[in-house]
Protein chains: 2
Amino acid sequence: MDESGALDRPDEDNGSGHRAVRIQDVAKLADVSTATVSRALASPEKVSPEARARVLEAIAKTGYVPNLAARSLRSQKTSMVLVVLPDLSNTFFSKILRGIEERLFEAGYGMIISDLDGSPEKEAHFAAFTAAGRVDGAILLNGHLFGQTREGEGTPAKTGIPLVALCEAIPSADIPQIEIDNRAAASRMTQHLASLGHRSIAYVSGPAHNILEKERFIGYQDGLKAAGLPFDPALVLPGDYTIESGVMAGQDLVGRTTRPTAAFCTSDEMAIGLMRTLLSAGLRVPEDISVAGFDDIDFAAVAEPALTTIHQPRRELGQAAASVLIDLLQGHPSPKRIRLETEIIVRASVAPPQNIEKAPAKSTRTRAIKPT
Amino acid sequence: MDESGALDRPDEDNGSGHRAVRIQDVAKLADVSTATVSRALASPEKVSPEARARVLEAIAKTGYVPNLAARSLRSQKTSMVLVVLPDLSNTFFSKILRGIEERLFEAGYGMIISDLDGSPEKEAHFAAFTAAGRVDGAILLNGHLFGQTREGEGTPAKTGIPLVALCEAIPSADIPQIEIDNRAAASRMTQHLASLGHRSIAYVSGPAHNILEKERFIGYQDGLKAAGLPFDPALVLPGDYTIESGVMAGQDLVGRTTRPTAAFCTSDEMAIGLMRTLLSAGLRVPEDISVAGFDDIDFAAVAEPALTTIHQPRRELGQAAASVLIDLLQGHPSPKRIRLETEIIVRASVAPPQNIEKAPAKSTRTRAIKPT
DNA sequence: TGCCACCATGTAAACGATTACATGAAGACT
DNA sequence: AGTCTTCATGTAATCGTTTACATGGTGGCA
């Protein structure tokens with residue numbers, strides 16, 4: 001008996017049920033129309049102070065929260081941003097994510113994360129995501145995958161939502177880029193090693209097709225040139241930024257008869273894996289071989305020995321990317337490219353070579369006059 | 001001139017504009033009603049094979065993607081899951097996240113992440129999130145914060161959406177728990193250390209009010225008891241799972257005159273920070289002091305020395321939590337509690353104590369008969 | 001005083017899907 | 001052969017907002 005009529009009596013008591021409070025309930029309680037409630041929230045200056053006060057009171061009383069699906073449907077905005085990244089479980093990205101999240105949160109946006117996981121299938125899925133109007137914009141941390149290898153429809157660029165590329169610049173696309181100067185940083189580290197006296201500097205690379213990698217590799221060569229050192233392909237070891245690939249590079253070095261006196265790894269993970277392998281094989285770091293990294297992850301400082309590396313402002317990178325995207329979403333002008341500064345962090349893993357070896361034999365016939 | 005009538009002629013060409021394809025466009029092209037299109041997608045068995053074929057063709061031709069805001073508004077489902085965690089930039093969580101994401105993706109759900117960042121303000125925000133009908137369910141990795149310290153309205157428990165607690169069990173709430181047996185694991189590690197001959201085992205704790213921490217601490221005490229060792233409060237060092245707190249605990253140990261022969265840290269980060277500090281001070285690990293960790297993060301294996309620790313199946317934990325939540329969302333029965341197995345990973349950082357010290361002097365007056 | 005502009009507010013039409021209900025056709029059973 | 005069930009499909013209401021447009025009241029200006 002009590003049930004009859006319960007449906008259309010949303011008076012003041014919403015006590016028992018967990019039925020959501022609608023804008024109409026608020027309107028009724030505040031004795032205004034739904035339009036006024038909506039305006040009181042979206043553009044308070046368009047509503048009289050008294051009405052606004054009543055509305056706010058009613059909202060407080062009912063605990064009203066706007067239904068975002070409805071809002072999104074009507075206004076074609078979702079207050080959601082998609083973040084696409086290649087590997088969620090990578091230390092490097094997670095701090096960037098935090099920076100992104102902070103900024104988005106401040107601006108009232110939510111963050112949807114998708115771990116691309118190297119699968120084109122997933123990639124297509126997330127492209128569809130953007131097409132489905134589920135997000136207002138996206139931040140891409142995976143330049144080389146998205147909209148590049150695949151040109152099929154559904155790529156976010158096609159859907160026309162604002163995009164921002166973070167870290168891995170997409171050369172062709174004309175979307176804003178937030179990044180560090182990978183080339184310059186790699187060059188500087190190489191020169192740093194050279195300035196300490198190293199003549200034979202190995203380079204442990206990232207994945208060959210990775211855009212960051214390409215830039216860093218060029219930077220490495222720049223650095224060699226600037227230091228007057230020859231480039232030796234035999235000193236380039238393949239890697240993919242993971243600890244394991246660093247370990248493998250280490251095994252390679254351990255097995256060599258003539259070893260470089262320094263190794264520049266393009267990620268801290270690889271550097272740590274490399275050091276580990278060298279130490280296990282009885283080599284000393286930095287006495288026998290200096291090791292440098294890239295990124296300055298938290299563990300770099302507590303590695304043994306502590307890792308000399310290039311500091312990337314990861315949180316700031318994330319924040320900058322989010323800021324630019326927010327500007328874009330709100331129609332504000334925004335810079336097309338932001339480059340944040342890196343810094344060489346000098347720690348114990350790099351030192352001058354212990355015993356200066358004879359000049360490298362194989363390359364670039366510089367008129368080597370044997371000193372007798 | 002060309003423009004007139006352009007609006008209501010969505011015939012077959014959607015070529016130029018990036019206006020989204022609606023279900024009506026598909027219906028028109030397939031010569032069926034919108035209802036049939038919807039059915040062809042949601043419940044194909046309810047539609048004739050021919051009609052379905054035509055619909056699918058039309059969808060393929062137009063590149064139709066359902067508008068999720070509309071679907072969500074009508075069906076009161078969002079295909080979105082909220083993941084709330086205390087710290088996005090923590091290595092430990094990121095691998096769990098990956099497990100969650102994988103599973104959610106398979107089931108067609110998207111993942112919204114919120115880094116709680118220890119701020120109640122944010123917490124309230126995300127509670128509102130769930131209330132706003134933005135997500136169908138949530139996975140909580142922060143038992144001690146959410147719905148516990150604050151009992152205010154808007155806590156997700158109040159909104160009635162399905163929840164799953166991951167790792168940090170919420171004792172009071174009757175929501176499914178996915179976890180490891182922290183107490184047993186800590187006990188086992190403690191006994192492992194004792195079985196090697198350690199009589200004085202330090203414990204580097206997590207944050208005092210953390211639920212994990214409480215369980216592990218009890219486990220530590222269990223382990224001591226099982227090994228017949230006394231509990232000594234002086235051997236309990238405060239920490240908060242971070243590298244820094246491990247460093248500080250290390251400094252504490254270094255400064256002591258009588259040191260424990262082993263230290264059990266409740267996170268790998270702390271263990272690595274601790275080892276680092278000990279090594280810097282000239283102590284040897286494990287010769288002077290053994291160090292054990294908890295979690296088995298990637299860096300544990302390449303620490304120097306390699307870290308003995310407790311392996312947590314983080315990815316599997318994430319997957320399990322997602323699976324349970326999905327079951328809940330789809331009305332399937334699901335287990336109330338899942339406990340995944342841990343495993344002690346024996347590496348180089350733990351060894352029998354080098355020189356057996358005299359029985360601990362201060363505690364529990366066991367009738368100590370001096371052997372002359 | 002009369003007209004115009006303006007301001008606060010209400011009315012109602014979208015937004016794009018899902019789905020209860022209605023409809024008509026086709027086969028099954030007596 | 002007539003009625004009943006079943007099945008495929010269409011019609012239209014609905015989800016909860018936002019917002020273009022309409023409306024009425026108030027004050028300024030000539």
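To find a chain, count down the sequence lines: A is the first, B the second, and so on, and within it residues start at 1.
- None of B:Leu166, B:Leu163, B:Ile139 except one satisfies the side-chain contact (heavy atoms from CB on, under 4.5 Å) rule with B:Leu325; the exception is B:Ile139.
- Looking only at atom types and distance, the side chain of B:Thr78 has a donor-acceptor partner in the side chain of B:Asp136 under 3.5 Å away.
- Comparing D:dG10, C:dT18, D:dA8 by their nearest atom to the side chain of B:Ser48 picks out D:dA8.
- Side-chain to base pairing of B:Arg74 with D:dG16: no donor and acceptor N or O lie closer than 3.5 Å to each other.
- Considering only side-chain atoms of A:Ala70, the nucleotide from C:dT11, D:dT9, D:dG16 that sits closest is D:dG16.
- Heavy atoms of A:Ala69 sit nowhere under 4.0 angstrom from any nucleic acid atom.
- Judged by distance alone, with hydrogens and angles left aside, the side-chain atoms of B:Arg54 form a donor-acceptor pair with the main-chain N or O of B:Ala30 at under 3.5 Å.
- For B:Gln76, a side-chain nitrogen or oxygen approaches OP1 or OP2 of D:dG16 to under 4.0 Å.
- Across all strands, A:Ser38 comes closer than 4.0 Å to base atoms (heavy-atom distances).
- Of the residues listed (B:Ile112, B:Leu104, B:Leu68), the one engaging B:Met80 in a side-chain contact (heavy atoms from CB on, under 4.5 Å) is B:Ile112, and it is the only one.
- Here A:Ala51 lies in heavy-atom contact (under 4.0 Å) with sugar-phosphate atoms only.
- Comparing B:Arg39 and A:Ala35 against DNA chain D, the residue whose closest nucleotide sits nearer the 5' end is B:Arg39.
- Among the nucleotides C:dT18, C:dA8, C:dG16, the one closest to any side-chain atom of B:Ser75 is C:dT18.
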